[in-house]
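Order of the sequence lines sets the chain letters (A, B, ...), proteins ahead of strands, with each chain counted from 1. Side-chain atoms are counted along with the backbone in the values below, which use heavy atoms only and exclude waters and symmetry mates.
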Amino acid sequence: MLNQVRGTHDLWGDSADLHTTILEQAQIYLSGFGYKEIITPILEWEDLFERTLGNTADIIRKELFRLVSRGDKDKEVVLRPEGTAPVMRAYLSHFMPPQHEKFMYRGPMFRYDRPQKGRQRQFYHVGVESIGSDHPWTEIETIAMALGFLNHLGIHDFQLELNTLGDEESRHAYTNVLVSYFSGCQSGLSAESKHRLLHNPLRILDSKAPEDQPLIQQAPLLQDSLTDVARDHFHTITSTLSELGIPYVHNHKLVRGLDYYSHTIFEITTDKLGAQGTLLAGGRYDKLAMLLGAKKPIPAIGWAMGVERVRLLMESSWKNNASTPAYALIPLDDSCIKASFDLAQTLRKEGFSITMLLEGKVNQKFKRAVSLGSPIALIIGPDEAASQTVSVKDLSSGEQKTMSPQDVIEHLQTQA
RNA sequence: GCGGGCGUAGCUCAGGUGGUUAGAGCGCCAGAUUGUGGCUCUGGAGGCCGUGGGUUCAAGUCCCAUCGUUCGCCCCA
């Protein structure tokens with residue numbers, strides 16, 4: 001038997017329906033905030049991500065799926081690992097900056113990583129990007145929308161964590177403070193954090209290594225390096241969230257692995273999924289546009305939600321009422337198939353789902369009808385075919401009546 | 001990229017210290033019930049024990065490799 005590609009999963013039945021439901025509800029819910037769907041390609045130039053994510057990011061160093069290049073020798077094609085950079089690329093080439101545009105996207109992303117619970121090599125994101133507005137209310141509304149969407153899906157057990165990275169000046173100042181602090185106590189750091197000190201000092205703050213914890217506790221806070229402008233911006237957001245009754249935790253240690261973030265960053269986490277507890281994460285990324293060649297920064301904020309993680313949370317409690325089961329139609333022998341097919345087509349025109357059972361013997365067909373979840377069996381044997389009638393059997397009570405096709409339509413309508 | 005657990009029937013899993021023909025439950029098939037499912041009874045099919053190599057008179061069992069899976073590290077929207 002051929003294995004599936006590592007880190008990919010087949011979905012069928014209720015899981016597939018739930019996956020699709022999440023993607024559909026995303027489009028419906030987010031359009032209520034004026035977000036319009038944008039569909040960008042799964043294939044992009046590697047350059048797009050190398051420029052935007054920073055070449056120290058793990059995503060670039062070891063997690064990209066690269067495709068064998070055919071024509072363009074010096075440019076590599078990759079499967080997209082995230083959605084923000086492609087949306088910004090599309091915005092810059094098809095829209096007129098700094099016009100405010102709001103996009104939502106949904107689709108598969110790819111990262112070559114070791115699979116575990118809630119982490120696959122092909123996974124789906126639902127994401128939003130609001131590009132062209134630096135108003136604090138853009139952040140507030142975007143965050144409220146994220147929480148609202150999870151609630152809309154029936155998820156309530158999560159926590160909103162929030163922090164600010166400040167503007168470039170704040171972040172630069174803080175990085176210096178932090179590097180000098182950690183350099184002073186370098187010998188006490190874990191090996192990983194020593195490495196981070198050189199490449200991505202902010203990341204030390206969310207190290208899980210036990211030996212790092214006391215040093216992190218004592219570390220200077222980013223808050224103390226903020227410029228007045230950055231401080232005011234963040235204060236507007238936190239005070240407004242409080243006013244709106246949205247609970248949040250100001251996590252001073254929350255940082256980002258990607259270079260393009262500034263000001264507000266946030267994560268929505270759960271403790272129900274083990275190590276991969278981030279359901280949704282995002283932030284402001286005013287610098288991204290310039291990395292892609294814009295002459296000035298373009299204010300932007302977005303988030304992305306892990307569809308599989310959300311699905312795992314919903315799976316136990318979700319009731320699949322989206323698709324009513326198809327009614328089973330049983331031709332008793334081959335001579336009745338044509339009459340059965342005609343009836344099926346008639347009923348389908350009335351909007352009913354009909355599945356004609358062709359395989360197996362008669363008793364197997366009845367068994368199959370039950371296991372498919374059909375509440376009734378529609379039966380056509382030689383007698384029914386000759387008299388142009390249908391026998392309708394209620395599979396829970398066992399009652400059976402013979403009636404005309406017109407009466408079947410009425411019968412099914414009262415059932416539904 | 002690093003570490004631990006697990007791969008046996010369609011599914012869920014048993015198979016002390018190696019030992020003849022590898023088991024159970026559920027499901028499936030047949031019959032009791034030749035146009036009718038569920039309950040019951042009787043019978044049956046179904047296994048390169050993930051794959052490759054090694055040790056041994058003998059390997060599902062021990063060793064090595066590999067693939068897959070799972071949990072964690074790392075990383076991440």
Side-chain angles (χ1 to χ4, degrees), chain A residues 1-9 53 56-63 80-87 105-121 123-129 146 190-193 195-196 200 203 206-210 255-258 260-261 265-269 273-283 285 302-310 328 330-333 335-336 357 360-372 374-385 391-400 402:
Chain A
M1 205 70 80
L2 216 52
N3 285 322
Q4 60 191 352
V5 172
R6 181 167 210 194
T8 65
H9 289 292
L53 301 177
T56 61
D58 271 24
I59 295 184
I60 296 298
R61 285 184 10 242
K62 56 187 197 193
E63 293 179 7
R80 61 181 183 190
E82 56 108 34
T84 299
V87 170
Y105 61 89
R106 41 186 177 169
M109 306 293 162
F110 303 84
R111 289 181 197 175
Y112 189 91
D113 204 344
R114 190 91 172 241
Q116 64 186 70
K117 185 172 187 180
R119 187 169 80 185
Q120 302 171 193
R121 287 185 174 181
F123 56 98
Y124 277 71
H125 270 179
V126 162
V128 297
E129 313 294 349
S190 65
E192 279 124 18
S193 288
H195 185 255
R196 291 187 186 109
N200 204 343
R203 273 267 143 190
D206 62 1
S207 164
K208 287 178 201 157
V255 293
R256 276 287 177 271
L258 305 185
Y260 51 63
Y261 285 99
I265 56 170
F266 57 95
E267 286 189 16
I268 296 177
T269 58
L273 289 176
Q276 306 297 318
T278 304
L279 293 177
L280 183 153
Y285 51 92
W303 52 252
M305 181 193 87
V307 174
E308 287 77 12
R309 293 179 188 179
V310 166
I330 299 178
L332 291 175
D333 63 46
S335 74
C336 313
L357 303 184
K361 302 196 299 190
V362 169
N363 63 349
Q364 291 171 308
K365 290 178 180 177
F366 278 87
K367 259 187 162 172
R368 184 74 182 142
V370 172
S371 72
L372 288 173
S374 177
I376 62 169
L378 302 167
I379 304 152
I380 294 187
D383 298 347
E384 288 87 349
S391 290
V392 179
K393 176 167 184 170
D394 184 310
L395 288 172
S396 52
S397 70
E399 276 174 52
Q400 182 168 329
T402 301

Would you mind classifying the nucleic acid contact of G306(A) as base, sugar-phosphate or nothing, using non-hydrogen atoms under 4.0 angstrom? base
How many whole angstroms separate atom CE of M305(A) from atom C1' of C76(B)? 16 Å
Using the closest heavy atom to pick a nucleotide of RNA chain B for each, name whichever of A304(A) or Q116(A) lands nearer the 5' end. Q116(A)
What is the distance, to the nearest angstrom, from the CZ atom on R114(A) to the C1' atom on C76(B)? 17 Å
Round to the nearest Å and state the distance from I268(A) atom CD1 to C76(B) atom C1'. 16 Å
The ring pair (Phe, Tyr, Trp, His ring centres under 6.0 Å) partners of Y124(A) (sequence neighbours excluded) come to H19(A)
Between G23(B) and G46(B), how many Å separate the two C1' atoms, rounded to a whole number? 14 Å
Between G27(B) and C11(B), how far apart are the P atoms? Round to whole Å, please. 15 Å
U42(B) and C57(B): how far apart are their P atoms, nearest whole angstrom? 47 Å
Which residues satisfy the side-chain contact (heavy atoms from CB on, under 4.5 Å) test with A328(A), sequence neighbours excluded? L357(A), A369(A), S374(A)
Determine the Euclidean distance between corresponding C1' atoms of U12(B) and G7(B); express it in Å to zero decimal places. 14 Å
For E267(A) and A281(A) the tightest heavy-atom approach is CG-CB, 3.7 Å
Please classify the nucleic acid contact of T84(A) as base, sugar-phosphate, or nothing, using heavy-atom distances under 4.0 Å. nothing
Within the 4.0 Å limit for protein heavy atoms, which parts of nucleotides 30-42 of chain B are touched? Write it as a string from 5' to 3', B for base, S for sugar-phosphate only, - for none. SS---BBBB----
R119(A) with D113(A): basic N within carboxylate O range, under 4.0 Å: yes
Close side-chain approach of F366(A) and R368(A), heavy atoms under 4.5 Å: no
Looking at R119(A) and C71(B), is any side-chain donor or acceptor paired with a base atom of the opposite kind under 3.5 Å? no
Nearest-angstrom distance from the residue atom NZ of K117(A) to P of C71(B): 6 Å
Expressed as a whole number of angstroms, how long is the span from F266(A):CZ to C76(B):P? 17 Å
Read 5' to 3' with Watson-Crick or G-U pairs under 3.5 Å, [ ] for crossing pairs and | for partners on another strand, RNA chain B gives (((((((..((((.....[...)))).(((((.......))))).....(((((..]....))))))))))))....
At under 4.0 Å, does any side-chain N or O of R6(A) touch on OP1 or OP2 of U69(B)? yes
Holding to ring pair (Phe, Tyr, Trp, His ring centres under 6.0 Å), I want the full list of residues that pass it with Y105(A), two or more places apart in sequence or in another chain. none
Check each of L279(A), T278(A), V310(A) against L273(A) using the side-chain contact (heavy atoms from CB on, under 4.5 Å) test, and report the only one that passes. L279(A)
If I pick the C1' atom on G47(B) and the same atom on A22(B), what distance separates them, to the nearest angstrom? 9 Å
Roughly how many Å apart are A14(B) and C26(B), using the C1' atom of each and rounding to a whole number? 15 Å
Qualifying residues under ring pair (Phe, Tyr, Trp, His ring centres under 6.0 Å), relative to F123(A), sequence neighbours excluded: H125(A)
What integer distance in Å separates Y261(A):OH from C76(B):P? 11 Å
Tell me the interatomic distance from H9(A), atom NE2, to G68(B), atom P, rounded to whole angstroms. 12 Å
Determine the Euclidean distance between corresponding P atoms of G1(B) and G18(B); express it in Å to zero decimal places. 35 Å
Applying side-chain hydrogen bond (donor to acceptor under 3.5 Å, both in side chains) to T402(A) and E384(A), what does each step give before you reach the verdict? CA-CA 8 Å; T402(A) 301; E384(A) 288 87 349; 4.7 Å; no
Can you name the one residue among D383(A), I380(A), I379(A) that meets side-chain contact (heavy atoms from CB on, under 4.5 Å) with L332(A)? I379(A)
Would a 4.5 Å heavy-atom cut-off, applied to side chains only, mark Q400(A) and S391(A) as touching? yes
Could you measure between the two C1' atoms, the one in U33(B) and the one in C49(B), and give it in whole Å? 39 Å
Give G118(A) one of three labels, base, sugar-phosphate or nothing, depending on what nucleic acid heavy atoms sit under 4.0 Å from its own. nothing
